[in-house]
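Chain A is the first sequence line, chain B the second, and so forth, proteins listed ahead of strands; every chain is numbered from 1. Below, each value reflects all heavy atoms present in this structure, side chains not excepted, and no hydrogens, waters or symmetry copies.
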Number of protein chains: 2
Amino acid sequence: MAAGPKPLRADAARNRDKLLIAATEIFAERGLDAPLEHIARRAGVSIGTLYNHFPTREALLAAILPERLAALDRICAAALADPDPWAGFAGFLEGLFTLQAQDQALNDALVQGFTLATDVSQACHAGFVQAERVIERAKAAGRLRADFSAQDLVTLVWAMSQVIREGMDTAPDAWRRCLSFFLDGLHAGAPHSLPGAFPAPS
Amino acid sequence: MAAGPKPLRADAARNRDKLLIAATEIFAERGLDAPLEHIARRAGVSIGTLYNHFPTREALLAAILPERLAALDRICAAALADPDPWAGFAGFLEGLFTLQAQDQALNDALVQGFTLATDVSQACHAGFVQAERVIERAKAAGRLRADFSAQDLVTLVWAMSQVIREGMDTAPDAWRRCLSFFLDGLHAGAPHSLPGAFPAPS
DNA sequence: TACGAAATCGAGGGATGCCTCAAGTTCGTG
DNA sequence: CACGAACTTGAGGCATCCCTCGATTTCGTA
């Protein structure tokens, strides 16, 4: 029988919430490698208490990231609702990277992605599955080059994550410029030969 | 009077060479943050000896990286020697990223670049100055979009450095595919509006 | 060969971050 | 209120990496 999670004592529930809030803030600022001590301190709680509630860093991430990653669903839905499949695709990328730029934790998570705990990995996977529909629609409309694959989206996320990270302080809009170049290269029409391209489906 | 560097004792010179070789290898494998203890161990020398010869990590890097960064000069020269300015530009990028893919130290150095010691920073700067000529030539020939700037090259290096790093184990050619998309977007002709673009020179 | 300068060694102190656990505190119920 | 269970605490052990310095070894020369 699915015995639900035991009810927490009032003070414990309060501390758990404070920890989640602090963790969300600090991970967003400093990325997934932020020291857990910082989080405990910001929550006004001892490091031992943090470990009581979340025995590993991954457990803490699993409690935070899936909800944040759900923003991808909304972005994908908006992209699919756009009557113009290309505009939807471009808007999806814009939204995705805006999200990454606002939250280092997401920026890291989308890169490390599948090396993280199951819950986080699943949330990432779900996002990419949704994204695939945006990609396919733009390809079917003949607006996105046919040789762009979902794996290429992963690569693009790798690339932009670094532009976002490095530019954060000195060039917070560098990634938009970079994305524009990319989008111009992703448009259908006159794509040049591509190393590692799939053989065209028969 | 420029009193040259004092002549080293024979064993000291030998150890210095072993350290430089070990450092070149380890930095290339693990990046600029590799523990100095690893380097001393691979050189068959104690950590104290490493610090005797190179009092800081930066001093060690300054003894290694400028020579490696000189490869950029050769790549730029080859690019400028290409009769086709666009092919030269594309070949330059290909050569640059091949270099980064072969050597994590270079990959890191070209990203961190100007935050490093003077010697390294200068070598990076020299490379980018050379690169600017390749860019200008391709623009003058009307083959590279006019709104591509040298700063955009820096951003591109940021982007590709991460693709190279993340793909190293599982997708060592991902960066080539990514570069192709980029190049298709950098071609002159039908470039779309660009956020943060310079006002067109009058 | 024997001496002094040059070079090497590596234990150890400092910093940071992870994680644990025995002692103390707080909560909620009887 | 009083008691036991739930919860919190933070010092401290572990690990990694940094860097230093006094004791020791090696070199080159006289």
Side-chain angles (χ1 to χ4, degrees), chain A residues 3-65 104-105 108 112 115-117 120, chain B residues 3-23 25-64 104-105 108 112 115-117 120:
Chain A
K6 300 175 188 172
L8 287 175
R9 229 171 62 177
D11 55 343
R14 218 166 26 231
N15 283 339
R16 188 171 194 279
D17 284 351
K18 286 194 286 182
L19 279 167
L20 287 175
I21 291 169
T24 301
E25 289 174 7
I26 291 210
F27 282 138
E29 291 163 13
R30 312 270 191 203
L32 296 189
D33 292 333
L36 298 182
E37 264 102 348
H38 290 193
I39 292 171
R41 199 175 319 139
R42 181 167 309 188
V45 135
S46 92
I47 181 65
T49 297
L50 186 151
Y51 277 97
N52 265 359
H53 287 281
F54 306 100
T56 66
R57 177 185 299 268
E58 301 252 310
L60 186 47
L61 293 177
I64 287 177
L65 288 180
Q104 279 306 303
D108 290 353
Q112 308 193 6
T115 73
L116 294 169
V120 180
Chain B
K6 300 176 190 174
L8 287 175
R9 227 170 66 177
D11 55 342
R14 221 168 21 233
N15 281 340
R16 189 171 194 278
D17 284 350
K18 286 194 286 185
L19 279 168
L20 287 175
I21 290 170
E25 289 173 8
I26 292 210
F27 283 138
E29 291 163 14
R30 311 272 191 202
L32 295 190
D33 292 332
L36 298 182
E37 265 102 347
H38 289 195
I39 292 172
R41 200 175 319 139
R42 181 168 308 189
V45 135
S46 92
I47 182 65
T49 297
L50 186 152
Y51 277 98
N52 266 358
H53 287 281
F54 307 100
T56 66
R57 177 186 298 269
E58 300 251 310
L60 186 48
L61 293 177
I64 287 178
Q104 278 306 303
D108 290 353
Q112 310 194 5
T115 73
L116 294 170
V120 180

Next on the checklist: Closer than 3.5 angstrom, by distance alone: can the side chain of B/Asp108 be matched with the main-chain N or O of B/Leu32 as a donor-acceptor pair?
Outcome noted: yes
In whole angstrom, give the distance that lies between atom [atom1] of [X] and atom [atom2] of [N].
{"X": "B/Asp17", "N": "C/dA7", "atom1": "CG", "atom2": "P", "value": "14 Å"}
{"X": "A/Asn15", "N": "D/dG10", "atom1": "CG", "atom2": "P", "value": "12 Å"}
{"X": "A/Arg30", "N": "C/dG17", "atom1": "CZ", "atom2": "C1'", "value": "15 Å"}
{"X": "B/Leu36", "N": "D/dC19", "atom1": "CG", "atom2": "C1'", "value": "10 Å"}
{"X": "B/His38", "N": "D/dA15", "atom1": "NE2", "atom2": "P", "value": "15 Å"}
{"X": "B/Arg41", "N": "D/dT16", "atom1": "CZ", "atom2": "P", "value": "10 Å"}
{"X": "A/Ile39", "N": "C/dG17", "atom1": "CD1", "atom2": "C1'", "value": "13 Å"}
{"X": "B/Arg16", "N": "C/dA6", "atom1": "CZ", "atom2": "P", "value": "17 Å"}

Item to check | Trace of the side-chain contact (heavy atoms from CB on, under 4.5 Å) decision for A/Arg57 with A/Leu60 | outcome: CA-CA 5 Å; A/Arg57 177 185 299 268; A/Leu60 186 47; 5.7 Å; no
Using a cutoff of under 3.5 Å, can you pull out all pairs of nitrogen or oxygen atoms linking the protein to nucleotides 12-14 of chain C, with atom names and distances?
none

Show me the donor-acceptor pairs, under 3.5 Å and distance only, between side chains in residues 36-46 of chain B and residues at least two apart or in other chains.
residue	atom	partner	partner atom	Å
B/Arg42	NH1	B/Glu25	OE1	2.8
B/Arg42	NH1	B/Glu29	OE2	3.2
B/Arg42	NH2	B/Glu29	OE1	3.3
B/Ser46	OG	B/Gly48	N	3.1
B/Ser46	OG	B/Thr49	N	3.4

Item to check | Any A/Thr49 side-chain nitrogen or oxygen under 4.0 Å from OP1 or OP2 of D/dT9 | outcome: yes
Checklist entry - Quick one: side-chain contact (heavy atoms from CB on, under 4.5 Å) partners of B/Ala34, sequence neighbours excluded? => result B/Ile26, B/Phe27, B/Arg30
Checklist entry - Heavy-atom contacts under 4.0 Å between residues 51-61 of chain A and DNA chain C, which residues? => result A/Tyr51, A/Arg57
Item to check | Whichever of B/Ala34 and A/Ser46 has its nearest DNA chain D nucleotide further upstream toward 5' | outcome: A/Ser46
Can you list, pair by pair, the side-chain donor-acceptor contacts under 3.5 Å of residues 11-20 of chain A, counting residues two or more places apart and other chains?
residue	atom	partner	partner atom	Å
A/Asp11	OD1	A/Arg9	NE	3.2
A/Asp11	OD2	A/Arg9	NH2	2.9

Please list each protein N or O that sits under 3.5 Å from an N or O in nucleotides 26-30 of chain D, with the distance.
residue	atom	partner	partner atom	Å
D/dT26	O2	B/Arg9	NH1	3.2
D/dT26	O2	B/Arg9	NH2	3.1
D/dC27	O4'	B/Arg9	NH2	3.3
D/dG28	OP1	B/Ala10	N	3.0

